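Take a look at the structure below.
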Amino acid sequence: MQLSDLQEIYSTPFFELISRARSVYLEHWAGNEVQLCTLLSIKTGGCSEDCGYCAQSSRYSTGVKAERLMQTEDVLDVARRAKDNGSTRFCMGAAWKGVRGGDPRFEQVLGTIREVSKLGMEVCVTLGQLSEKEAVQLKEAGVKAYNHNIDTSPEHYEKIVTTHTFEDRLNTIRAVQSAGMDVCCGGIIGMGETEEDRLKMLHVLTTFAPAPESVPINCLMPMPGTPMEDQAPVDVFELVRLIATTRIVLPRAKVRLSAGRTRLSREGQAMAFFAGANSIFYGDKLLTAQNPGVDADRELFRELDLVPQKPVCATAG
Ligand code: SAM
Ligand code: DTB
Ligand code: SF4
């Protein structure tokens with residue numbers, strides 16, 4: 001698929017676009033099921049990288065304090081609660097540039113993963129850069145999917161991050177694929193990129209082999225103290241167009257309506273679900289930023305007749 005194909009799909013008249021996305025969606029998924037994922041920051045703040053959107057970079061004064069890696073028991077408490085609340089995916093994030101085999105902190109994370117994976121939720125982690133050796137260890141410990149976003153187009157990336165490259169991101173994704181983990185990869189919109197940048201990002205995702213298992217679409221949460229703190233909110237119709245286009249070109253991927261739901265109306269979210277978004281982060285907090293509360297999401301699901309998606313790969317009750 002060429003970039004021009006994506007541009008053509010994206011610029012289809014709005015209602016035609018979302019109807020087409022809906023038909024593609026219903027061919028592959030139950031249209032009333034949305035996956036609930038709980039996120040937990042197991043290592044917050046103090047990151048060496050300069051990602052211009054991120055409250056956890058040590059380069060900016062964002063008020064986020066650097067914390068130590070969470071103990072396994074504490075992570076398990078949160079994971080059990082997430083499961084009781086109906087989450088079927090549990091994603092642990094660390095504010096690291098990457099991980100290195102043999103580092104005791106990585107060994108600790110592997111131990112945590114072994115325990116969490118016994119709970120029967122899909123286990124996802126996002127720990128930064130990896131090589132194949134660490135990817136294999138994660139897979140063996142019980143990780144189903146590894147989240148590593150390309151975030152924006154290759155051209156725009158260097159305006160957002162200077163401490164690592166777009167190619168570094170792709171190398172990690174290749175290591176994840178070789179180890180046989182699912183790739184969870186998407187990006188952020190609302191960082192001053194053009195419509196073309198958004199579609200170039202999506203185009204890169206369509207070149208992955210195998211295709212990404214899930215695609216998180218984050219709307220920038222403008223974090224105070226970061227270079228992006230004053231960015232304007234994303235236009236809801238642009239977001240829905242991008243979701244619809246993603247659904248059409250990656251029909252089997254879970255499309256996750258990720259960060260930024262606190263700034264979307266209920267109607268905006270309904271349109272995103274209609275157009276094929278079928279996964280959300282569930283719980284009051286993302287990593288450091290706010291997310292709609294559990295009560296608000298339960299109410300929204302009730303109003304829209306949506307139900308939580310069943311786990312795809314439960315290994316235990
Ligand atoms: N350090 C690892 C990495 O960079 O891959 C894992 C954690 S990092 C916080 C995970 C992803 O969160 C980023 O790639 C980005 O897509 C998203 N993210 C971070 N801050 C965000 C913000 N302010 N608004 C929206 N998405 C954000
Ligand atoms: C993803 O694409 N979005 C999540 C998850 N992967 C790790 C992170 C969103 C972070 C939002 C900003 C924050 O909480 O600091
Ligand atoms: Fe560090 Fe990840 Fe935040 Fe970049 S996005 S500063 S790598 S935690």
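First listed ligand is number 1; within each ligand, the first listed atom is number 1. We use all heavy atoms of the structure for the numbers below, so side chains are in, but hydrogens, waters and symmetry mates are not. No experiment lies behind these values; they were computed from the predicted model shown.
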Atom 16 (O) of ligand 1 sits nearest the protein heavy atom D151 OD1, 2.6 Å
Numbered in order shown, the ligand 1 atoms found under 4.0 Å of a heavy atom of L287 are 9 (C)
message = If we count only non-hydrogen protein atoms and require a distance under 4.0 Å, does atom 12 (O) of ligand 1 qualify as touching the protein?
response = no
Between ligand 2 and T126, is the shortest N or O to N or O distance under 3.5 Å? no
The closest protein heavy-atom partner of atom 21 (C) of ligand 1 is Y53 CD1, 3.7 Å
The side chain to side chain donor-acceptor pair (under 3.5 Å) partner of E193 among R198, K159, H156 is R198
Would you call F281 a ligand 2 contact, heavy-atom distance under 4.0 Å? yes
**Prompt:** Are any of the N/O atoms in N147 less than 3.5 Å from those in ligand 1?
**Reply:** no
### Query
Counting N and O atoms only, with roles assigned by atom type, does the side chain of T163 sit under 3.5 Å from a partner on the main chain of D50, one being a donor and the other an acceptor?
yes
Atoms of ligand 2 under 4.0 Å from any heavy atom of P216, numbered from 1 in the order shown, are 2 (O)
Exercise. What do you reckon, does G187 put a non-hydrogen atom under 4.0 Å from ligand 1?
Worked result: no
_When you compare ligand 2 with N149, is there at least one nitrogen or oxygen pair between them that comes in under 3.5 angstrom?_
yes
Within the side chain of N291, is there an N or O that forms a donor-acceptor pair under 3.5 Å with the backbone of F281? yes
Inset, instruction - Decide if atom CD of E158 counts as having more than 12 heavy atoms of other residues, nucleotides or ligands within a radius under 6.0 Å. - result: no
Is G128 close enough to touch ligand 1? Criterion: a residue heavy atom under 4.0 Å from a ligand atom. yes
shortest atom 6 (N) of ligand 2-to-protein heavy-atom contact is with N147 OD1, 3.2 Å
- Query: Taking C-beta and beyond as the side chain, do L127 and Y146 meet within less than 4.5 Å on heavy atoms?
  - Reply: yes
Short version for L287: what comes under 4.0 Å of ligand 2, heavy atoms counted, is both
inquiry  = Quick one, H148 with V183, criterion side-chain contact (heavy atoms from CB on, under 4.5 Å). Give me CA distance, side-chain angles, the key distance, then yes/no.
reply    = CA-CA 8 Å; H148 201 65; V183 169; over 6 Å; no
Derivation and outcome, side-chain contact (heavy atoms from CB on, under 4.5 Å), residues R263 and C219:
CA-CA 9 Å; R263 310 218 295 174; C219 295; over 6 Å; no
Inset, instruction - Say whether T288, considering both its backbone and side-chain N or O atoms, lies within less than 3.5 Å of an N or O atom on ligand 2. - result: yes
Checking E8 side chain against S4 main chain: does a donor-acceptor pair fall under 3.5 Å? no
Counting heavy atoms under 4.0 Å, the part of A95 that contacts ligand 3 is both
Within C47, is some N, O or S atom less than 2.8 Å away from atom 3 (Fe) of ligand 3? no
heavy-atom search around atom 6 (C) of ligand 1 in the protein gives T126 OG1, 3.1 Å
Judged by heavy atoms only, the candidate from L220, I189, I188 nearest atom 17 (C) of ligand 1 is I188
Do any N/O atoms on A289 end up under 3.5 angstrom from N/O atoms on ligand 2?
yes
Using a distance threshold of 4.0 Å (strictly less than), state whether atom 8 (S) of ligand 1 has a protein heavy-atom neighbour. no
Closest to atom 5 (S) of ligand 3 among protein heavy atoms sits Y53 OH, 3.5 Å
Contact (N/O only, under 3.5 Å) between M221 and ligand 1: yes
of all protein heavy atoms, closest to atom 9 (C) of ligand 2 is N218 OD1, 4.0 Å
| task | Decide whether the shortest distance between a heavy atom of R169 and an atom of ligand 1 is less than 4.0 Å. | result | yes
For ligand 1, is A94 a contact, meaning one of its heavy atoms is under 4.0 Å away?
yes
Does the protein place any heavy atom closer than 4.0 Å to atom 3 (Fe) of ligand 3?
yes
